[in-house]
Structures are given as C-alpha cells and as structure tokens.
Amino acid sequence: MGRTGEIIGIWHVKASCLPETKLAAVRQMEKSSLPVCMIGDGINDAPALKAARVGIAMGGVGSDIAVDAADIVLVDDEVKELPHLFALSKHMMKTIRYNLTFSMGLNFTAIVLAMTGILNPVTGALVHNAGSVFVILNSALLLKWKMRYNDKEVNIVHGDEAVYEKVHG
C-alpha cells in the first residue's frame with residue numbers, strides 16, 4: 001500500500017490495520033488540524049469513515065454500514081475513480097464560488113437600481129429569477145464535466161494494487 005501512496009502523492013499511508021487502530025489513527029491525524037480522508041469498504045472501516053473529515057466508501061462490494069458512515073460512496077468500487085472525484089470536487093467548488101459571486105453581484109446591483117427607481121418591482125423580480133435560472137444551468141454543466149489530463153496521461157497499474165501512475169507524454 002505504500003507504493004500506492006507514493007504514486008498518487010499521498011505522503012502518509014497506513015494499511016492492514018485493525019478497526020480500533022484505524023479509528024485511533026484518524027483521530028490522531030484530525031488533531032493535527034490537517035484534513036483526513038479515509039477510504040474503506042467494510043464494516044471494520046465504518047468508525048474511521050465516520051471520524052474522518054471526509055469518508056469515502058467503496059459502495060458496490062462494501063457493507064451497508066460503511067456506506068451509511070461515509071460522506072461519499074463510489075458505486076463502482078474502482079480506486080481509479082479517486083483522481084476524477086478529487087478533480088470534480090475542485091471544479092464543483094469553483095462553480096459554487098462563481099455562482100455565489102454572480103448571484104450576489106446581480107442581486108446587489110438589482111437592489112441598488114431598484115432603490116434609485118431605475119428598476120420597477122416586476123423587472124426586479126424578472127432579473128432575480130433570470131439570475132437563479134443562470135445559476136441552475138451553470139450548475140447543471142457539472143453533470144457533463146469530464147476530467148482533462150492536459151500534458152499527462154494516466155495509466156492504471158493492475159496487480160496487487162490498483163493505482164494511478166503518471167506518465168509524461
């Protein structure tokens with residue numbers, strides 16, 4: 001499991017632990033104020049999944065208890081989906097920040113224009129609703145988002161460890 005961590009850039013990996021060891025490790029790491037992500041699939045992982053800042057369960061073969069304890073569930077049980085999940089979450093946060101900035105700016109402008117008498121109440125309501133529709137449509141674009149690899153290709157290494165290996169091409 002150490003090789004997996006090295007390849008994907010995780011510098012602290014613990015593997016083959018008992019449930020209480022997993023939970024103690026997560027709690028100890030959480031005390032250091034660094035965010036902790038726990039990935040697991042079984043009933044033995046549930047306490048640590050719940051204690052971590054982010055718990056990711058492998059849902060296809062994972063236990064129902066682990067799935068209930070996790071914040072995120074990977075339905076197809078593929079570790080290779082983690083980079084996509086992380087990239088999608090970063091893109092989602094950018095979209096949320098953009099949507100908040102846009103809607104706050106639009107609403108602030110509409111309020112100022114309404115206070116000065118330039119916008120009447122009906123037009124103000126239409127502007128507000130149009131902004132809401134824009135935010136919804138912009139958020140819906142996340143459904144079609146695909147991870148881009150730019151100058152890097154990602155190969156899946158099969159064997160004892162299903163991991164990503166970065167190849168510069």
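Position 1 is the first residue of the sequence; numbering continues from there. Being a predicted model, the structure only gives us computed values, none of them experimental.
Each of Y98, W145, F86 was compared with H91 under the ring-ring contact (aromatic ring centres under 6.0 Å, His included) criterion, and only W145 meets it.
The shortest heavy-atom contact between C17 and K22 is O-CE, 3.1 Å. G55 and A70 get closest at one heavy-atom pair: O-CB, 3.5 Å. Nearest heavy atom pair, residue P35 against residue R53, reads CB-NH1, 3.8 Å. What you find for M38 and A52 is that their closest heavy atoms are CB-CB, 3.7 Å. The minimum heavy-atom distance between L49 and A57, with the atom names listed, is CD1-CB, 4.4 Å.
Residues passing the side chain to side chain donor-acceptor pair (under 3.5 Å) test with S139 are N99, sequence neighbours excluded. Shown here are the side chain to side chain donor-acceptor pair (under 3.5 Å) partners of S103, two or more places apart in sequence or in another chain: there are none.
To the nearest 0.5 Å, atoms CE (M104) and OG1 (T109) are separated by 11.0 Å. Atom-to-atom distance recorded for S89:OG and H84:NE2 is 10.0 Å, nearest 0.5 angstrom. Here the CG-CG distance, from D45 to L23, works out to 11.0 Å after rounding to the nearest 0.5 Å. Distance check, rounded to the nearest 0.5 Å: CG of L82 to CD1 of I72 gives 9.0 Å.
Hydrophobic cluster membership for L18: none, as no Ile, Leu, Val, Met, Phe, Trp or Tyr side chain comes under 4.5 Å of it. Chaining together hydrophobic side chains whose heavy atoms lie under 4.5 Å apart places I43 alongside I65. When hydrophobic residues (I, L, V, M, F, W, Y) are linked wherever their side-chain heavy atoms come within less than 4.5 Å, the members clustered with F108 are V112.
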Could you walk me through whether M115 and I111 satisfy the side chain to side chain contact (heavy atoms under 4.5 Å, CB included) test, starting with their C-alpha distance in whole Å, then the side-chain angles of each, then the deciding distance to 0.1 Å, before giving a yes or no? CA-CA 6 Å; M115 288 172 53; I111 288 170; 3.8 Å; yes

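Hydrophobic cluster membership is shared by L142 and M93, with clusters built from Ile, Leu, Val, Met, Phe, Trp and Tyr side chains linked at under 4.5 angstrom.
Between I56 and L85 the shortest side-chain heavy-atom distance falls below 4.5 Å. Under the 4.5 Å side-chain criterion, counting only non-hydrogen atoms from C-beta, I39 is not in contact with L74.
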Under 3.5 Å, which donor-acceptor pairs link side chains of residues 125-136 to any protein atom two or more places apart or in another chain?
residue	atom	partner	partner atom	Å
H128	ND1	N107	OD1	3.2
N129	ND2	A125	O	3.3
S132	OG	H128	O	3.2

